[in-house]
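This report concerns only the one structure given below.
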There are 2 protein chains.
Amino acid sequence: MNGREFKNAMYDGLAKLMKALANPARLEIIEMLSQGEKSVESIVNTTNLSIANASQHLQVLKQNNIVKSRKEGHYVYYSLVNDDFMALYQQISKYAISEIAELERTLNRQREDNYAMNSVSLNELEVMIQNENVLLMDVRPISEYELGHITGAISVSMKELLCCLKDFSKENEIIAYCRGPFCVLADEAVKILTENGFKVRRLDEGYPEWKINQLEKNQ
Amino acid sequence: MNGREFKNAMYDGLAKLMKALANPARLEIIEMLSQGEKSVESIVNTTNLSIANASQHLQVLKQNNIVKSRKEGHYVYYSLVNDDFMALYQQISKYAISEIAELERTLNRQREDNYAMNSVSLNELEVMIQNENVLLMDVRPISEYELGHITGAISVSMKELLCCLKDFSKENEIIAYCRGPFCVLADEAVKILTENGFKVRRLDEGYPEWKINQLEKNQ
DNA sequence: CAATTATTCAATGGATTTGTTGAATAAAAA
DNA sequence: TTTTTATTCAACAAATCCATTGAATAATTG
């Protein structure tokens with residue numbers, strides 16, 4: 001193998017990986033799977049994809065070693081292949097959010113719309129939890145909470161938020177979080193709670209980012 | 001903007017960035033530019049692209065804020081837009097090399113072919129420089145050396161290697177490096193020097209990785 | 001065993017990406 | 001000014017990607 005052939009092999013391989021990531025539907029699937037294992041059915045329900053289309057995208061991700069699958073009864077469950085890929089995906093989306101003006105604008109507009117301008121960073125959160133009385137609220141579906149959540153968080157799904165608000169004290173500040181910067185659940189939670197007189201902010205990032213942070217600390 | 005529109009905007013934007021990276025020719029250009037500024041002409045000379053084709057790929061990279069250009073006289077010089085992108089690219093290729101079996105095999109086969117199995121990591125290099133008498137040899141073209149090189153390295157281009165070997169002592173160990181793991185210059189240097197009786201190994205990574213490392217240390 | 005359910009496969013046509021060709025620019029040299 | 005040189009633009013055909021459709025598969029239920 002000469003120099004040119006080698007280069008071609010390497011760049012073709014790298015480009016193949018990038019191609020697998022170069023599609024909005026697949027990115028949305030990846031973001032979902034970074035919460036934990038999901039069935040094809042649940043992926044179809046939260047994205048707007050047809051069943052066959054979602055399945056095809058999943059095959060592409062599988063062929064590129066990004067996701068793996070496991071069959072149980074009628075259902076096939078998909079998950080990300082390892083934490084290293086998750087870390088890479090975080091890096092990429094963090095870069096995109098901070099360096100691509102268009103994306104930054106979109107994200108900020110969304111945040112403004114949702115009363116969440118003064119969001120809390122992961123570092124701030126750590127300090128706040130040690131020093132103050134804050135209630136950390138995981139607003140993802142309970143199934144995702146059960147697969148893993150930020151230490152000390154309680155699970156309050158969006159459904160519960162809409163019916164059972166009286167349970168919480170209005171004195172402590174509430175920090176709501178969900179799946180990461182692209183996820184709108186926390187924004188909606190902030191909106192609902194603010195309208196009902198609670199002190200509430202959202203976490204800038206979400207559970208996957210926190211988990212990556214933890215993994216890095218333990219190295 | 002509702003939740004679905006927001007998601008679409010974010011994932012479309014992210015996918016657009018990935019698309020810009022999802023092409024082997026563009027990746028090779030990026031790798032070249034991570035050495036420093038290059039004219040279109042020099043990009044055409046080291047890649048196998050036609051002039052018009054290279055120019056088109058450069059436009060795609062420019063539209064996606066990955067490279068910037070500057071005109072001087074007849075020539076247009078391109079360079080990466082900032083160090084953050086370079087860090088991202090490093091992350092991506094590091095992931096690809098370590099997690100994609102096919103790429104890992106290709107890379108290792110190449111290294112074996114070139115006698116460079118026992119390569120030196122950046123961390124090892126740091127220790128070796130402090131403790132031992134090693135000669136750190138930058139085998140990239142001199143123009144790239146002049147734009148920046150690892151502290152303490154001397155420039156020995158491949159041309160010089162082929163004519164002026166006698167200048168170096170055979171007692172000290174030589175570490176050769178070039179542009180990074182995909183770059184084959186260091187492998188060729190190791191081959192030549194080994195055949196001539198020198199003690200020589202290659203650096204696992206290259207100048208761009210070293211530079212990123214330095215930037216991280218200074219934060 | 002037949003019916004049902006969740007997922008995958010295969011085929012189709014429309015959209016996008018790619019490399020090539022040759023013409024158009026724009027700056028420097030003659 | 002005309003000519004030369006380096007780069008970009010525009011148009012085209014080939015290749016690839018994508019969503020949709022309907023059939024095929026494989027595990028479970030009746």
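Every chain is numbered from 1 and lettered A, B, ... according to where its sequence line falls, protein lines coming before strand lines.
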In whole angstrom, what separates Asn64(B)'s CG from dT17(C)'s P? 10 Å
Nearest whole Å is fine: how far is dC17(D) P from Leu27(A) CG? 16 Å
Parallel, tilted or perpendicular: which one describes the rings of Tyr77(B) and Tyr75(B), with boundaries at 30° and 60°? tilted
Just to confirm, is there a sub-4.0 Å distance from OP1 or OP2 of dA6(D) to any side-chain nitrogen or oxygen of Tyr78(B)? no
Spacing of Leu49(A) atom CG relative to dT8(C) atom P, expressed in whole Å: 13 Å
Are Lys7(B) and Glu31(A) close enough for a salt bridge, meaning some N to O gap below 4.0 Å? no
Considering only dT7(C), dT20(C), dA28(C), which nucleotide approaches the side chain of Tyr75(A) most closely? dT7(C)
Is it true that the side chains of Asp204(A) and Ser119(A) contain a donor and an acceptor less than 3.5 Å apart? yes
Identify, between Lys62(B) and Ala22(A), the residue whose nearest nucleotide on DNA chain D lies closer to the 5' end. Lys62(B)
Taking the side chain of Val40(A) as heavy atoms from C-beta outward, which of dT7(D), dT20(C), dT8(C) is closest to it? dT8(C)
Starting at CD1 of Ile51(A) and ending at C1' of dT5(C), how long is that distance when rounded to a whole Å? 10 Å
Look at the side-chain N and O atoms of Gln59(B) and state whether any lies under 4.0 Å from the OP1 or OP2 oxygen of dT8(D). yes
Hey, which sits more toward the 5' end of DNA chain D by its nearest nucleotide, Lys71(A) or Arg26(A)? Arg26(A)
With a 4.0 Å limit, can you tell me whether His74(B) has a side-chain N or O closer than that to the phosphate oxygens OP1/OP2 of dA29(C)? no
At under 4.0 Å, does any side-chain N or O of Asn23(A) touch on OP1 or OP2 of dC18(D)? yes
Is a side-chain N or O of Glu160(A) found less than 3.5 angstrom from the main chain of Ser157(A), in a donor-acceptor match? yes
So, does Tyr78(B) use its side chain to make a donor-acceptor pair with the main chain of Ile43(B) at under 3.5 Å? no
Using atom CZ of Arg70(B) as one end and atom C1' of dA27(C) as the other, report the distance to the nearest whole Å. 15 Å
What is the nucleic acid contact for Ala54(B), judged by heavy atoms within less than 4.0 Å: base, sugar-phosphate only, or nothing? nothing
Could you check which of dT7(D), dT7(C), dC17(D) has an atom nearest any side-chain atom of Ser39(B)? dT7(D)
Would you kindly give the CG-to-P distance between Asn53(B) and dC12(D), to the nearest whole Å? 19 Å
Could you tell me how far apart Asn45(B) (CG) and dA6(D) (C1') are, to the nearest whole angstrom? 12 Å
Counting side-chain heavy atoms from CB outward, which of dT7(D), dA11(C), dT17(C) is closest to Gln56(A)? dA11(C)
Phosphate-side-chain proximity, His57(A) and dC17(D), N/O vs OP1/OP2 below 4.0 Å: no
Side-chain donor/acceptor of Arg140(B) to backbone N/O of Tyr207(B), under 3.5 Å: no
Figure out the CD/C1' separation between Glu41(B) and dT8(D), and round it to whole Å. 15 Å
Can you work out whether Ser42(A) or Val60(B) has the more 5'-proximal nearest nucleotide on DNA chain C? Ser42(A)
